[in-house]
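Worksheet for the structure shown next.
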Amino acid sequence: MSAEDENTTPTNFIRNIIQSDLDSGKHHAVQTRFPPEPNGYLHIGHAKSICLNFGVAEDFRGKCNLRFDDTNPEKEDDEYVNAIIEDVRWLNFEWDNLCYSSDYFQQLYDYAIALIKQGKAYVDSLSADEIREYRGTLTEAGKESPDRNRSIEENLDLFARMRAGEFEDGKYLLRAKIDMASPNINMRDPALYRIKKAHHQRTGDDWPIYPMYDYTHCISDAIENITHSLCTLEFEDHRPLYDWVLDQVRTDSHPQQIEFARLQLKYTITSKRKLNQLVTDKHVSGWDDPRMPTISGMRRRGYTPASVRDFCDRIGVTKKDSFIEMAVLENSVREDLNEHAVRVMGVLNPLKVTIENYPEGQVEGLTAKNHPQKEEMGTREISFSKTIYIERDDFLEDAPKKFFRLSVGREVRLRYAYYITCTDFVKDENGEVIELICRYDPETRGGSSPDGRKIKGTIHWVSAGHAVDASVNLYDRLFTHPNPAGCDDFSEHLNPESLTVLTRCKLEACLAEARTGIHYQFERTGYFVRDSETDSLTFNRTVTLRDTWAKIDKQNQ
RNA sequence: UGGGCCGUCGCCAAGCGGUAAGGCACCAGGUUUUGAUCCUGGCAUGCGCAGGUUCAAAUCCUGCCGGCCCAGCCA
């Protein structure tokens, strides 16, 4: 690795382990997998796992599978598998094989029979409540079930009948025979199979019994010859069980489970259950509401795959619980958008300006750059006329000295157009300023003066007769609390101002044909994309520009 | 008071016995027809705390302190 690469190629303890496994010859190729359960939409936390698993495979020239962990049919749905596939594709990763745990139901079942034959698993008739009682507590050992020493023949018979659908849900359970006194509760004869007469999205009504996660995951990994099985910290206690199952079962490989800390982002939540609740309780419009930390929400909001991937590279991978600041994500988004977004002008809160000395009815075309630093992005023509709109915020009746914008007697530059000086303003009956009267300097066409006088402020504008009307959605953080998930009721901390809908915004004419997926910078206000779910002309603000003035203004107050 | 794991700058994060990378944030300047971008500089005598080993410790040892996870027939 060269010195230049040090900042761009992430290094972390997992990559170090993989590198040494490759160096030592333990493995000759890397095989990972991203194993979502299709019971909800993917969020930014999953993006971290996706970038890790696919990223590692990519960088070590290995492969990564996309595997749906679909062993709980009651909560899973095809809607979710399709959304997940779309999201992974959007992030621009390519999987080796697309698999489902349900593909292995028969093998899993066969392995279970083998386990029973080895005397390592038994059918228990204890009820769920009894099992909980028998399990013991964190500080006390559990008790062995009366069925623990059922004969192998009887276990085989019972398990076969479970599979045949002879029993009602909950009547029997297949358990591993490990150690009821283990200090690790996961090892106290964990459940392997439960009876659940539920219809499965893929296997239909073939199975009245479904395997549990601990049993399924490790075997699925082994079947796919996964070399490094990366998962989050809460599964650390499950690793002994992961290894136990693979030690009992005859598989060709024994993947290594490695745990890392899940992503936590300040002022939002990354829990499928809670996100689901936001949708169900209508706090947001859906899983893809642009305020949601879901991948589909971020996509609709205008985040780019590159920015999400960059973010994941920056935050690192460790075993430490941490909370990432939103600013890191926003920085990644701004960095990518600054590079690629097309510059245009859009007035969000219009204030009419009449240029008194500009000829009535005259219209002239001015040339604007599509990107200030990138000539190759070209230019476009914009229309200028006697009546224009500027941003309300760009005029102040009583302006402080450092306010480089309009006020009576002050001169500013209209971007790419002329210098104008405010001479007067009009108020309505409520005392609200509704119009500005200005004079322009004909010598400053294009935005520079022959006398070279310095103009501190440049503001954006749009010609009244040429602008298109649009709605604009402004988004702010969804929660007012940095850790809503840690509160008793996270819904109490919803930010009432997370969405501001602006109507009749005045945008540059070219935006009438704006297409979803094209990123724009409305100069001086932020990055925007056309909303994908609305027919009328509606834009979503992806993120604001950095605003030093807002910061100064705030400090002065 | 069972087990597992974690503590390096406000937020992340390198570091793996040789004298504290980097990013975000923040602060101070410069350039600028976006108060944007960009550029320059500043920002841990210190690595949870206390002892010990060593010529040398964030790195090794011991003991504390603090935090997270586990008692679903969820994943």
Side-chain angles (χ1 to χ4, degrees), chain A residues 6-7 10-12 16 35-37 39 69 71-72 74-75 124 126-128 131-133 135-142 169-175 182-188 190-196 209-210 212-214 216-217 231-240 259 261 266 272-273 313-332 334-335 338-339 343 345 368-369 371-373 402-405 413-417 419 444 446-448 455-460 521-526 544-553:
Chain A
E6 277 174 28
N7 295 332
T11 173
N12 58 55
N16 292 343
E37 181 190 10
N39 67 343
D69 212 349
T71 58
N72 189 7
E74 288 171 332
K75 291 188 176 169
D124 200 342
L126 251 30
S127 70
I131 291 216
R132 192 178 313 121
E133 284 169 34
R135 187 152 34 223
T137 69
L138 295 177
T139 52
E140 297 164 85
D169 287 13
K171 176 80 174 158
Y172 289 107
L173 186 69
L174 182 72
R175 293 228 261 168
S182 172
N184 181 346
I185 290 180
N186 295 300
M187 299 299 271
R188 320 241 259 231
L192 263 26
Y193 267 92
R194 76 282 213 184
I195 299 173
K196 188 166 288 209
I209 56 173
Y210 290 96
M212 302 293 293
Y213 166 84
D214 286 305
T216 310
H217 205 88
C231 64
T232 44
L233 248 32
E234 68 271 25
F235 293 103
E236 219 156 12
D237 288 341
H238 295 241
R239 192 181 343 125
E259 312 82 13
K266 286 183 183 175
K272 272 196 267 187
R273 206 201 91 239
D313 283 348
R314 285 174 192 251
I315 59 176
V317 178
T318 67
K319 300 190 69 158
K320 189 170 86 172
D321 288 310
S322 58
F323 265 92
I324 310 291
E325 291 178 341
M326 269 296 180
V328 182
L329 214 205
E330 290 179 346
N331 176 263
S332 292
R334 288 194 184 108
E335 203 170 282
N338 174 54
E339 181 80 10
R343 269 61 172 176
M345 292 197 281
K369 291 179 179 173
H371 188 114
Q373 280 83 226
K402 295 255 184 178
F403 183 76
F404 308 142
R405 309 182 199 174
R413 169 165 41 233
L414 292 177
R415 177 134 239 228
Y416 299 123
Y419 290 1
T444 58
S448 58
I455 295 294
K456 270 291 212 342
T458 300
I459 65 174
H460 58 99
Q521 183 196 96
F522 290 5
E523 294 205 34
R524 303 209 309 135
T525 75
T544 61
L545 253 33
R546 267 196 199 83
D547 193 345
T548 313
W549 170 250
K551 200 155 50 183
I552 294 168
D553 200 31

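Each chain gets a letter, A, B and so on, in the order the sequences are listed, and its residues count up from 1.
Backbone-only engagement by A:Ser322 is indicated by non-hydrogen atom pairs under 4.0 Å involving sugar-phosphate atoms exclusively. Using a 4.0 Å heavy-atom distance criterion, A:Leu126 is classed as a base contact. Residue A:Arg415 is in base contact, counting any heavy-atom pair closer than 4.0 Å across all strands shown. Looking at heavy-atom distances under 4.0 Å, A:Pro372 makes contact with a base. Looking at heavy-atom distances under 4.0 Å, A:Tyr416 makes contact with a base. Within 4.0 Å (heavy atoms only), A:Ala128 reaches at least one base atom of the nucleic acid. Contact annotation for A:Thr548: backbone-only contact, meaning every heavy-atom pair under 4.0 Å involves sugar-phosphate atoms and none involves a base. In this structure, A:His460 reaches neither bases nor backbone, as no heavy-atom distance under 4.0 Å exists between it and the strands shown. Contact annotation for A:Lys196: backbone-only contact, meaning every heavy-atom pair under 4.0 Å involves sugar-phosphate atoms and none involves a base. A:Lys402 comes within 4.0 angstrom of a nucleotide base, judged by non-hydrogen atoms across all strands. Counting non-hydrogen atoms under 4.0 angstrom, A:Asp237 reaches a base of the nucleic acid. Among the heavy atoms of the strands lying under 4.0 Å from A:Met212 are primed sugar atoms or P, OP1, OP2 only; no base atom is included. Backbone-only engagement by A:Arg314 is indicated by non-hydrogen atom pairs under 4.0 Å involving sugar-phosphate atoms exclusively. Contact annotation for A:Leu138: base contact, defined as any heavy-atom pair under 4.0 Å involving a base atom.
An OP1 or OP2 oxygen of B:A75 is reached within less than 4.0 angstrom by a side-chain nitrogen or oxygen of A:Thr71. Between A:Arg239 and B:C70 there is no side-chain polar atom (N or O) within less than 4.0 angstrom of OP1 or OP2. Not one side-chain nitrogen or oxygen of A:Lys319 sits closer than 4.0 Å to the OP1 or OP2 atom of B:G7. Taking 4.0 angstrom as the limit, A:Arg546 places a side-chain polar atom (N or O) nearer than this to OP1 or OP2 of B:U37. A sub-4.0 Å separation between OP1 or OP2 of B:U1 and a side-chain N or O of A:Thr139 is absent. For the pair A:Arg273 and B:C74, the criterion of a side-chain N or O lying under 4.0 Å from OP1 or OP2 is not met. The phosphate of B:G3 (OP1 or OP2) has no side-chain N or O of A:Ser182 nearer than 4.0 angstrom. Distances shown here put every side-chain N or O of A:Lys266 at or beyond 4.0 Å from the OP1 or OP2 atom of B:C12. Distances shown here put every side-chain N or O of A:Lys551 at or beyond 4.0 Å from the OP1 or OP2 atom of B:G35. Distances shown here put every side-chain N or O of A:Arg343 at or beyond 4.0 Å from the OP1 or OP2 atom of B:U37. When the side-chain nitrogen and oxygen atoms of A:Arg334 are compared with OP1 and OP2 of B:A36, none of them lie within a distance under 4.0 Å.
Glycosidic conformation at B:G42 (O4'-C1'-N9-C4 for purines, O4'-C1'-N1-C2 for pyrimidines): anti, more than 90° from 0.
Under the Watson-Crick and G-U wobble criteria, each requiring two contacts below 3.5 Å, nucleotide B:A13 is left unpaired. In this structure, B:A71 forms no base pair with any nucleotide, since neither Watson-Crick nor G-U wobble geometry is met with both distances under 3.5 Å. Using Watson-Crick or G-U wobble geometry with both donor-acceptor distances under 3.5 Å, B:A25 finds no partner in any strand shown. Of all nucleotides present, none satisfies the Watson-Crick or G-U wobble test against B:A57 with each distance under 3.5 Å. In a base pair of the Watson-Crick type (N1 to N3 plus N6-O4 or O6-N4) or a G-U wobble (N1-O2 and O6-N3), with each distance short of 3.5 Å, B:G7 is matched with B:C65.
The two residues A:Ala261 and A:Asp321 come nearest to each other via the heavy atoms CB-N, 4.4 Å. Pairing each heavy atom of A:Phe403 with each of A:Trp549, the nearest pair is CD1-CZ2, 3.7 Å. Between A:Pro240 and A:Asn184, the closest heavy-atom pair is CG-ND2, 3.6 Å. The shortest heavy-atom contact between A:Leu192 and A:Arg175 is CD2-C, 3.8 Å. For A:Asn338 against A:His371, the heavy-atom pair with the smallest separation is O-CE1, 2.8 Å.
The gap from the P atom of B:C47 to that of B:U32 amounts to 45 Å, rounded to the nearest Å. To the nearest whole angstrom, the two P atoms, one in B:A13 and one in B:G52, are 32 Å apart. Taking atom C1' in both B:G63 and B:A21, one finds a spacing of 32 Å when rounded to whole Å. Spacing between B:G66 and B:G30 at atom P, rounded to whole Å, works out to 50 Å. Of the P atoms belonging to B:C6 and B:U62, the separation is 15 Å, rounded to the nearest Å. Between B:A28 and B:C65, the distance separating the two P atoms is 43 Å to the nearest Å. Comparing the C1' positions of B:C11 and B:C26 gives a spacing of 12 Å, expressed to the nearest Å. Comparing the same atom, P, in B:A57 and in B:C64 gives a spacing of 24 Å after rounding to whole Å.
Between the P atom of B:U32 and the CZ atom of A:Arg524 lies a distance of 18 Å, rounded to the nearest Å. In this structure, A:Lys320 places its NZ atom 17 Å from P of B:C69, rounding to the nearest Å. Atom CG of A:Asp214 and atom P of B:C70 are 13 Å apart (whole Å). To the nearest angstrom, P of B:G2 lies 15 Å from CG of A:Asn184. Taking atom CD on A:Glu523 and atom P on B:A36, their separation rounds to 13 Å, with Å as the unit. Between A:Lys75 atom NZ and B:C73 atom C1' the separation is 12 Å, expressed in whole Å. Between the CZ atom of A:Arg135 and the C1' atom of B:G3 there is a distance of 15 Å, given to the nearest Å. The CD1-P distance, from A:Ile552 to B:C26, rounds to 12 Å in whole Å.
A salt bridge links A:Glu325 with A:Lys266; the closest basic N to acidic carboxylate O contact falls under 4.0 Å. Taking 4.0 Å as the cut-off between side-chain N and carboxylate O, A:Lys319 and A:Glu236 count as a salt-bridged pair.
Ring pair A:His217/A:Tyr213 is tilted by interplanar angle, where 30° to 60° counts as tilted.
With hydrogens and angles ignored, the 3.5 Å screen pairs no side-chain donor or acceptor of A:Lys75 with any backbone N or O of A:Glu37.
Comparing A:Glu236 and A:Arg194 against RNA chain B, the residue whose closest nucleotide sits nearer the 5' end is A:Glu236. Residues A:Pro35 and A:Pro183 both approach RNA chain B. Their nearest nucleotides, taken by heavy-atom distance, put A:Pro183 toward the 5′ side.
Out of B:U34, B:U37, B:G15, the shortest distance to the side chain of A:Gln373 is found at B:U37. Among the nucleotides B:C26, B:C24, B:C73, the one closest to the side chain of A:Leu173 is B:C73. Closest approach to the A:Glu325 side chain among B:C70, B:G10, B:A25 is made by B:G10 (side chain taken as heavy atoms from C-beta onward).
The side-chain ring of A:Tyr213 is not stacked on the base of B:A75, judged by centre separation under 5.5 angstrom and plane angle under 30 degrees.
No more than 12 heavy atoms of other residues, nucleotides or ligands lie within 6.0 Å of NZ in A:Lys171, so this atom counts as exposed by the packing criterion.
Residue A:Gln521 places a side-chain atom within donor-acceptor reach of the base of B:U34, judged by atom type and a 3.5 Å distance cut-off alone.
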